[in-house]
Asker: 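To start, I am sharing the structure in question, which I have written as structure tokens.
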Amino acid sequence: MRSKLKIWLSACCLIGLLGACDERTPELYSAPNGVYFNNRTSGDELIDTTAVTCVYEPDTTEYMDVPVVVQTIGHQSDEDRPVNIQVHSDYAVEGVDSEQITPAVIPAHTSSISYVVRLKRTKALQTELKSIYLELASNDYFSTFLSQEATGNDQQPYISMLTYRIDFSDFYSTAPAGWRRDYVGESSERKLRLLWKLFDGVVDREDYNVAGAIPFNKWVYMRDEVNV
């Protein structure tokens, strides 16, 4: 009898559980299709500005291409969709100092593009910093309701998701990203150019500006050779 009671109670519990399960269809995305700049550091921090310089590139380099990630939110489409990207500058001239390489279009069945801005290495950049400003605006395909992202930083509490600035030059302004003070001391343009000259063929010029690109044995070699 006790065994039958246990079976009956188990059956009642199962029926109750099945009755509590309400089969529902997941809600579909219903917000507007949006667009924003989604450029992030290796630590996944959103940035709205980048600075590049041609000074670490070989002398034969004529331009630098800077990709800017344009991200959409919402459903992908079966058709290509144009994005309204407005480009302007106070000093850089379109076609002379820069040009846009990538069409401002989100291809069908995708949700992002790398919008490439080409920065030309002109003589003026040796003494003058120039800036390119990109700004997203709404159109018939995308709205701009995602305007900013919180940073958690009191100094700069928000980062723009609709504007992006590229500063570019051809002069030494900051220490190379890969510079090792523990091997060759404080950085300076004079010291950097000396290393370029002495170790041409041993270390590629652009590697000085990439963290970790130059192995420690080469730093030791350069330190011992120049005795810095």
Side-chain angles (χ1 to χ4, degrees), residues 29 31-57 63-76 81 83-90 92 98 100-102 104-107 110-119 125 129-139 141-182 186-187 192 204-216:
Y29 178 83
N33 290 320
V35 64
Y36 61 98
F37 289 123
N38 190 23
N39 300 274
R40 296 182 180 273
T41 66
S42 57
D44 200 37
E45 294 181 6
L46 185 70
I47 56 174
D48 59 8
T49 304
T50 189
V52 297
T53 177
C54 302
V55 75
Y56 304 111
E57 301 298 318
Y63 59 83
M64 293 181 68
D65 286 345
V66 177
V68 180
V69 178
V70 180
Q71 181 78 45
T72 66
I73 184 170
H75 299 295
Q76 294 183 1
R81 294 174 292 174
V83 177
N84 188 358
I85 303 179
Q86 300 173 2
V87 183
H88 63 94
S89 175
D90 296 330
S98 67
Q100 285 72 57
I101 302 300
T102 311
V105 173
I106 304 294
T110 62
S111 55
S112 68
I113 58 169
S114 285
Y115 184 74
V116 178
V117 179
R118 176 163 293 176
L119 309 172
L125 291 180
L129 177 74
K130 297 196 176 187
S131 300
I132 302 291
Y133 300 91
L134 308 179
E135 184 172 357
L136 288 168
S138 298
N139 61 8
Y141 297 89
F142 299 104
S143 64
T144 52
F145 62 91
L146 292 172
S147 60
Q148 58 187 15
E149 181 175 295
T151 64
N153 185 334
D154 292 338
Q155 304 260 336
Q156 187 180 15
Y158 297 99
I159 289 288
S160 173
M161 301 173 74
L162 299 179
T163 62
Y164 198 77
R165 189 181 87 228
I166 304 171
D167 297 330
F168 63 109
S169 67
D170 192 14
F171 55 80
Y172 182 96
S173 57
T174 59
W179 190 265
R180 293 294 301 269
R181 292 176 52 196
D182 47 341
E186 295 292 339
S187 68
L192 178 63
D204 293 333
R205 182 184 293 192
E206 58 268 28
D207 283 352
Y208 290 93
N209 200 35
V210 179
I214 304 175
F216 82 94

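Keep in mind it's a predicted model, so treat the numbers as computed, not measured.
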Asker: Kindly compute the distance separating CZ (Phe168) from CD1 (Ile132), expressed to the nearest 0.5 Å.
Answerer: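 Going from CZ on Phe168 over to CD1 on Ile132, the span is 4.5 Å.
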Asker: Compare all side-chain heavy atoms of Tyr56 with those of Val210 and state whether any distance is below 4.5 angstrom.
Answerer: no
Asker: Donor-acceptor pair, Asp204 side chain versus Glu206 backbone, under 3.5 Å?
Answerer: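 A pair under 3.5 Å: no.
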Asker: To the nearest 0.5 angstrom, please state how far the OG atom of Ser143 sits from the CD1 atom of Ile73.
Answerer: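 Ser143 OG to Ile73 CD1: 9.5 Å, rounded to 0.5 Å.
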Asker: Looking at every heavy atom in both Ile47 and Ile159, which two are closest together, and how far apart are they?
Answerer: C-CG2, 4.1 Å
Asker: If you take all heavy atoms of Thr110 and Arg81, which pair is closest and at what distance?
Answerer: O-NH2, 3.9 Å
Asker: Can you tell if the side chain of Val68 reaches within under 4.5 Å of the side chain of Ile166, non-hydrogen atoms only?
Answerer: yes
Asker: With no hydrogens and no angle check, just 3.5 Å: does a side-chain donor-acceptor pair link Tyr172 and Ser187?
Answerer: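 Indeed, the side chains of Tyr172 and Ser187 share at least one donor-acceptor pair under 3.5 Å.
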Asker: Side chain to side chain contact (heavy atoms under 4.5 Å, CB included) for Phe37 and Asp48? Distances and angles first, verdict last.
Answerer: CA-CA 8 Å; Phe37 289 123; Asp48 59 8; over 6 Å; no
Asker: So do Trp179 and Leu192 actually touch side chain to side chain, heavy atoms under 4.5 Å?
Answerer: yes
Asker: List the atom of Leu129, the atom of Ser169, and the distance in Å for their closest heavy-atom pair.
Answerer: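 So the two residues come closest at CD1-CB, 4.0 Å.
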Asker: With a 4.5 Å limit on heavy-atom distance, are the side chains of Tyr164 and Thr49 in contact?
Answerer: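 No, every pair of side-chain atoms sits at 4.5 Å or beyond.
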Asker: Taking atom CG of Asp170 and atom CG of Leu119, what is their separation to the nearest 0.5 Å?
Answerer: 11.5 Å
Asker: Got a sec, which residues hit side chain to side chain donor-acceptor pair (under 3.5 Å) with Arg40, two or more places apart in sequence or on another chain?
Answerer: Asn38, Glu149
Asker: If every non-hydrogen atom of Asp182 is compared with every non-hydrogen atom of Arg180, which pair is closest and at what distance?
Answerer: OD2-NH2, 2.7 Å
Asker: Indicate yes or no: does Arg181 engage Glu186 in a salt bridge with an N to O separation below 4.0 Å.
Answerer: yes
Asker: Set out, in order, the CA-CA distance, both residues' side-chain angles and the distance that settles side chain to side chain contact (heavy atoms under 4.5 Å, CB included) for Val105 and Ile113, then state yes or no.
Answerer: CA-CA 8 Å; Val105 173; Ile113 58 169; over 6 Å; no
Asker: Does the side chain of Tyr141 come within less than 4.5 Å of Asn33's, by heavy atoms?
Answerer: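 Not touching, per the 4.5 Å side-chain cut-off.
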Asker: In Å, rounded to the nearest 0.5 Å, how long is the span from CD of Glu135 to OG1 of Thr144?
Answerer: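 These two atoms lie 9.0 Å from each other.
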Asker: Which pair of non-hydrogen atoms, one from Ser160 and one from Thr163, has the smallest distance, and what is that distance?
Answerer: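 It is OG-OG1, 2.8 Å.
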Asker: Taking only residues two or more places apart in sequence, or in another chain, which ones meet Tyr133 in a ring-ring contact (aromatic ring centres under 6.0 Å, His included)?
Answerer: His88
Asker: Could you report the tightest heavy-atom contact between Val55 and Arg205, atom names first, then the distance?
Answerer: O-CD, 3.8 Å
Asker: List for me each residue that meets side chain to side chain donor-acceptor pair (under 3.5 Å) alongside Asp44, sequence neighbours excluded, and say none if there are none.
Answerer: none
Asker: Is there side-chain contact between Asn39 and Thr50, with heavy atoms separated by less than 4.5 Å?
Answerer: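 Side-chain contact under 4.5 Å: no.
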Asker: If you measure from CG on Leu162 to CD on Gln148, what distance do you get to the nearest 0.5 Å?
Answerer: 9.0 Å
Asker: Determine yes or no for a side-chain-to-main-chain donor-acceptor pair under 3.5 angstrom, with Asn209 supplying the side chain and Ala177 the backbone.
Answerer: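 Judged by distance alone, yes, a pair lies under 3.5 Å.
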Asker: Atom CD1 of Ile101 and atom CZ of Arg118: how far apart are they, to the nearest 0.5 Å?
Answerer: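 Between atom CD1 of Ile101 and atom CZ of Arg118 there are 4.0 Å.
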Asker: So, do Leu136 and Val83 sit near enough that their side-chain heavy atoms are less than 4.5 Å apart?
Answerer: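 When only atoms from C-beta onward are counted, Val83 and Leu136 do touch, with a gap below 4.5 Å.
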Asker: Less than 4.5 Å apart, any side-chain heavy atom of Ser131 and any of Asp90?
Answerer: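 No; the side chains remain at least 4.5 Å from each other.
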Asker: Check whether more than 12 heavy atoms from other residues, nucleotides or ligands sit under 6.0 Å from atom CZ of Phe171, and answer yes or no.
Answerer: yes
